Amino acid sequence: MKNLAQFVQALPKAELHLHIEGSFEPELMFEIAKRNNISIPFNSVEEVKAAYKFNNLQEFLDIYYAGANVLITEQDFFDLTWAYLIKVHSQNVKHVELFFDPQTHTERGVEFHTVLLGIYKALEQGEKELGISFRLIMSYLRHLSEESAFETFNQSLPFKDLIDGVGLDSSEVGNPPEKFEKVFQASAEEGYKLCAHAGEEGPAEYIWGALDILRVDRIDHGNRCLDDEKLVERLVKEQMPLTLCPLSNLELKVIQDLKDFPLKRMMELGLLVTLHSDDPAYFGGYMNENFIETAKAIDLSKEEIGTLMKNGFEASWLTTEEKEKWKVEIDAFAKEY
Ligand code: HPA
Ligand code: ZN
């Protein structure tokens with residue numbers, strides 16, 4: 001396709017799978033480390049970037065949690081989120097639903113409200129000044145206990161009007177969905193929407209568990225559903241969204257080559273798939289790079305890219321009217337292009 005980059009840039013986009021701590025660019029990490037007087041084990045931005053070579057999810061998580069250690073004050077969380085919003089505004093992202101990991105910070109003694117309010121105030125300002133609408137998802141860390149997730153859940157209750165949903169992330173294998181059945185149920189009863197990472201490194205059974213035990217509204221990643229025909233049938237029938245992250249899959253060796261990214265097969269099967277960036281500062285790309293690199297590797301057509309963009313809004317937690325508005329805009333633009 002001619003002008004692939006221009007086409008991707010121009011279309012309005014929805015980011016639904018983004019860990020705000022994973023948008024922490026090394027330049028800002030150094031700046032915040034310095035002002036908080038915290039030492040980090042690197043001498044330069046280049047040295048940090050050279051360390052970003054991962055063989056699996058856990059190797060990445062170890063570095064991701066280490067990076068998050070320098071975040072202390074509300075201003076730090078504001079600056080992190082604001083930098084992300086400025087970046088994606090330049091990529092014509094119109095709606096974000098972002099994850100934050102409270103336990104990564106409360107475990108170090110940072111208060112829940114410090115984290116939440118820093119992020120939330122930046123999102124509010126982003127909506128006002130940049131026109132980016134948002135939803136906020138609090139993710140439970142699955143390598144910690146359900147009791148710890150419950151503590152986080154309880155801390156969130158005074159602020160529940162600021163939080164739209166809960167997620168489940170961190171080390172997947174060995175931490176199946178059923179470990180969090182009760183806290184997900186309690187979260188649903190408080191009106192939180194539900195999503196969970198499942199089938200990134202973990203098996204298809206974890207996707208069944210996310211559906212039947214956690215009763216999620218959306219699956220994050222979900223690649224491994226392809227191992228199970230009955231599961232695919234179910235996901236197609238329910239039009240359950242799968243938020244895929246191609247550059248993340250490549251960097252964490254979920255796939256060995258972007259050419260192996262099974263997106264076309266998933267679309268042909270009728271799955272409601274969307275493309276996102278996961279941890280862009282660590283995986284080498286925000287929304288546009290994920291679309292462009294994938295489109296090049298597996299030769300996506302203009303129509304397929306348009307469908308993926310529309311799926312992003314369809315799978316979001318926007319109202320039906322808002323979804324419709326964006327989908328009409330995407331269709332109109334793609335037709336003209
Ligand atoms: N997978 C699981 N947990 C995470 C990720 C991821 O890609 N990024 C941040 N936490
Ligand atoms: Zn993720």
Side-chain angles (χ1 to χ4, degrees), residues 14-25 29 52-69 71 77 80-81 84 88 96-107 115 119 135-144 148-149 152 165-177 179-180 194-203 206-207 209-210 214 216-225 241-255 261 273-287 289-290 312 315-316:
E15 170 68 282
L16 308 180
H17 186 152
L18 181 280
H19 304 264
I20 194 63
E21 295 89 349
S23 73
F24 203 5
E25 292 287 351
M29 198 183 289
Y52 291 175
K53 290 202 170 28
F54 316 109
N55 291 305
N56 52 47
L57 174 59
Q58 194 58 51
E59 286 187 13
F60 155 68
L61 289 171
D62 292 341
I63 290 209
Y64 161 90
Y65 294 129
N69 273 338
L71 298 162
F77 290 94
L80 170 69
T81 310
Y84 167 71
V88 299
V96 299
E97 302 194 353
L98 58 83
F99 298 118
F100 73 113
D101 291 342
Q103 290 151 297
T104 298
H105 314 296
T106 52
E107 291 263 305
V115 181
I119 296 170
R135 297 288 185 274
L136 186 53
I137 308 169
M138 159 177 99
S139 253
Y140 301 125
L141 295 182
R142 68 200 305 157
H143 68 275
L144 300 178
S148 170
T152 302
V166 303
L168 186 63
D169 63 5
S170 191
S171 323
E172 187 182 9
V173 175
N175 296 296
K179 182 174 163 189
F180 298 94
L194 311 177
C195 57
H197 284 53
E200 178 185 18
E201 281 189 346
Y206 285 21
I207 303 175
L214 303 184
V216 296
D217 302 290
R218 194 158 75 201
I219 299 278
D220 296 308
H221 295 294
N223 307 38
R224 294 284 299 275
C225 72
L242 306 179
T243 63
L244 306 175
C245 305
L247 290 178
S248 164
N249 286 170
L250 181 65
E251 292 303 312
L252 299 185
K253 309 289 190 287
V254 169
I255 51 173
F261 189 57
V273 287
T274 62
L275 292 193
H276 307 289
S277 60
D278 213 2
D279 303 280
Y282 292 89
F283 301 147
Y286 288 76
M287 286 290 280
E289 290 81 10
N290 271 277
S316 76

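In this text the structure is predicted, and so the values were computed from the model without any measurement. Values below: every heavy atom of this structure, side chains too, minus hydrogens, waters and symmetry copies. When a ligand or atom number is given, it counts from 1 through the structure's own listing order.
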Examine the side chains of D169 and H19 and answer whether a donor and an acceptor come within less than 3.5 Å of each other. yes
Students should be able to answer this: which protein heavy-atom is nearest to atom 3 (N) of ligand 1, and at what distance? S170 N, 2.8 Å
Can you say whether the rings of F54 and Y282 are parallel (under 30°), tilted (30 to 60°) or perpendicular (over 60°)? tilted
Salt bridge between E97 and R218, side-chain N to carboxylate O under 4.0 Å? yes
Check whether any N, O or S atom of H221 sits under 2.8 Å from the Zn ion (ligand 2). no
Quick look: D101 vs ligand 1, heavy-atom contacts under 4.0 Å, and the answer is neither
From the options D220, I219, T243, select the one residue that forms a side-chain contact (heavy atoms from CB on, under 4.5 Å) with H197. D220
So, Y52 versus D279: side-chain donor-acceptor pair below 3.5 Å or not? no
Contact region, F99 to ligand 1, non-hydrogen atoms below 4.0 Å, reads neither
Specify the protein heavy atom at minimum distance from atom 8 (N) of ligand 1: its residue, its atom name, and the distance to 0.1 Å. D279 OD2, 2.8 Å
With the Zn ion (ligand 2) at the centre, find the angle made by OD1 from D278 and NE2 from H197, to 10°. 170°
For E200, counting its heavy atoms only, list the atoms of ligand 1 lying under 4.0 Å from any of them. 1 (N), 2 (C), 6 (C), 7 (O)
